Amino acid sequence: MKYPKGHEFEYRDLRPSQISCDPLYQRDLDAKRVDRIVKEFNGDLVNEPKVSYRDGKYWVFNGQHTIAAWRNFYGGEDKAIYCKVYKGMTWLEECDAFVKQNGISKDPTTNEKLRAAYNSKDPAVVDMVNKANLAGYIVDFVKSKTPNRIMATSALYRAYKSIGPDAYLEMLTTIHDAWYGDADATSVQIISGMTTFFKTYGGNFKREELVNSLKRVTPTEIIRRGRSYSSRTNTYTREIVKAYNVKRSKYRLDDSKL
């Protein structure tokens with residue numbers, strides 16, 4: 001069978017041991033999620049895993065948690081599960097199908113989805129990573145704290161889409177020049193706060209003066225003060241504006257815009 005603009009597919013019984021998972025585009029298996037699926041398993045609602053037959057192997061691109069839950073449900077037995085098997089898909093098409101069916105949304109799955117988008121050569125995600133590299137950072141979707149690695153990929157993606165590639169690069173360069181080596185400098189709070197700052201005040205501040213202002217305050221201080229507000233609207237951006245306005249009698253930024 002084949003739907004318009006789609007690949008040929010058929011339904012087949014496959015044993016879990018026959019099905020492979022490509023870590024370059026698939027998310028990590030979540031044991032808690034698997035346990036929850038097993039506990040709430042309903043045969044009337046379960047969707048067939050989607051599998052690509054490529055290079056003589058079956059590759060799951062949607063439903064790896066269902067397959068793991070199925071195996072657990074039967075006590076580890078390699079019992080066949082009914083799958084929708086596609087033929088003729090390339091590796092890139094599998095990546096693309098994974099991303100489009102799962103979407104790029106909020107954590108905790110955003111990192112895996114962005115990794116899949118990057119490996120499938122999504123232009124926006126590739127450019128997001130490349131510009132971060134130009135600013136002196138590594139974005140490799142690995143959860144490991146090092147001074148030059150950005151793990152807040154969801155905030156990074158929102159920044160890229162919100163303020164555009166050029167301002168995004170300028171923002172990351174500013175963060176690098178002001179706070180390079182500080183682990184909190186690339187936290188969700190700082191990236192989100194700086195994104196709103198650039199979106200709100202772009203063209204009304206001097207980058208060099210912003211860098212010098214930020215050097216006088218640590219990212220940890222901005223995060224701590226931002227959390228103390230009773231209102232939760234743009235609190236980290238407000239602290240960045242305050243840092244910029246210190247000792248400034250002229251050309252102060254107006255935080256009422258936030």
Side-chain angles (χ1 to χ4, degrees), residues 1-129 139-143 153-154 156-158 161:
M1 186 180 295
K2 182 178 180 180
Y3 291 134
K5 297 184 180 180
H7 290 82
E8 182 182 350
F9 67 88
E10 63 181 5
Y11 289 96
R12 293 194 60 182
D13 283 325
L14 295 175
R15 296 188 305 277
S17 62
Q18 293 178 273
I19 304 171
S20 300
C21 178
D22 193 322
L24 287 178
Y25 66 77
Q26 275 284 7
R27 67 193 72 180
D28 295 332
L29 192 69
D30 184 339
K32 290 183 179 179
R33 182 181 174 190
V34 172
D35 290 342
R36 187 169 64 252
I37 294 173
V38 172
K39 187 180 296 184
E40 301 171 358
F41 197 88
N42 186 330
D44 293 332
L45 302 177
V46 66
N47 292 317
E48 298 87 1
K50 293 182 178 179
V51 177
S52 168
Y53 184 68
R54 171 175 54 83
D55 299 331
K57 290 185 178 181
Y58 297 98
W59 300 92
V60 59
F61 61 87
N62 191 289
Q64 69 155 328
H65 285 86
T66 300
I67 294 170
W70 175 268
R71 196 166 198 167
N72 287 9
F73 188 80
Y74 285 99
E77 181 183 347
D78 196 26
K79 187 177 178 65
I81 182 172
Y82 202 47
C83 298
K84 191 173 184 179
V85 181
Y86 290 79
K87 297 179 180 178
M89 293 183 79
T90 65
W91 181 82
L92 287 176
E93 287 170 332
E94 291 169 19
C95 289
D96 187 56
F98 170 82
V99 172
K100 287 180 177 176
Q101 289 187 106
N102 290 280
I104 296 176
S105 56
K106 295 181 179 179
D107 287 331
T109 58
T110 302
N111 191 61
E112 287 82 4
K113 292 173 184 177
L114 285 170
R115 180 182 64 186
Y118 178 76
N119 284 312
S120 66
K121 312 300 182 188
D122 179 274
V125 179
V126 169
D127 192 47
M128 177 192 84
V129 171
V139 180
D140 56 7
F141 311 103
V142 173
K143 295 291 185 181
T153 53
S154 177
L156 208 61
Y157 183 74
R158 287 195 298 269
K161 299 297 284 187

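Because the structure is a prediction, the values reported are computed rather than measured.
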task = Measure across F141 and V125 and return the closest heavy-atom pair with its distance rounded to 0.1 Å.
result = CZ-CG1, 4.3 Å
request  = Starting from the C-alpha separation in whole Å, work towards a yes-or-no answer on side-chain contact (heavy atoms from CB on, under 4.5 Å) for D55 and W91.
outcome  = CA-CA 10 Å; D55 299 331; W91 181 82; over 6 Å; no
Please tabulate, for the side chains in residues 39-52, all donor-acceptor contacts under 3.5 angstrom to protein atoms that are two or more places apart in sequence or on a different chain.
| residue | atom | partner | partner atom | Å |
| --- | --- | --- | --- | --- |
| N42 | OD1 | D44 | N | 2.9 |
| K50 | NZ | Q101 | OE1 | 2.6 |
| S52 | OG | E94 | OE2 | 2.7 |

request  = Sequence neighbours left out, what passes salt bridge (charged side-chain N to carboxylate O under 4.0 Å, His left out) with D13? Give chain and number order.
outcome  = none
key: Minimal non-hydrogen separation, K121 against L92, with atom names   = CG-CD2, 4.2 Å
note = Closest non-hydrogen atoms of D30 and H65, given as atom of the first, atom of the second and distance, are N-NE2, 2.9 Å
query = Any donor and acceptor pair, going by atom type alone, linking the side chain of W59 with main-chain N or O of R54 inside 3.5 Å?
reply = yes
task = Establish, from distance only, whether the side-chain atoms of Y58 and R12 form a donor-acceptor pair under 3.5 Å.
result = yes
key: Shortest non-hydrogen contact from A97 toward M89   = CB-CE, 4.1 Å
ask   = Quick one: NZ on K79 to CZ on R15, what's the gap to the nearest 0.5 Å?
value = 12.0 Å
query = What is the distance from atom OG1 of T153 to atom CG of L114, rounded to the nearest 0.5 Å?
reply = 5.0 Å
query = Parallel, tilted or perpendicular: which describes the rings of Y86 and F9, with under 30° parallel and over 60° perpendicular?
reply = tilted
task = Using the test salt bridge (charged side-chain N to carboxylate O under 4.0 Å, His left out), find all partners of D127 that sit at least two apart in sequence or belong to another chain.
result = K131
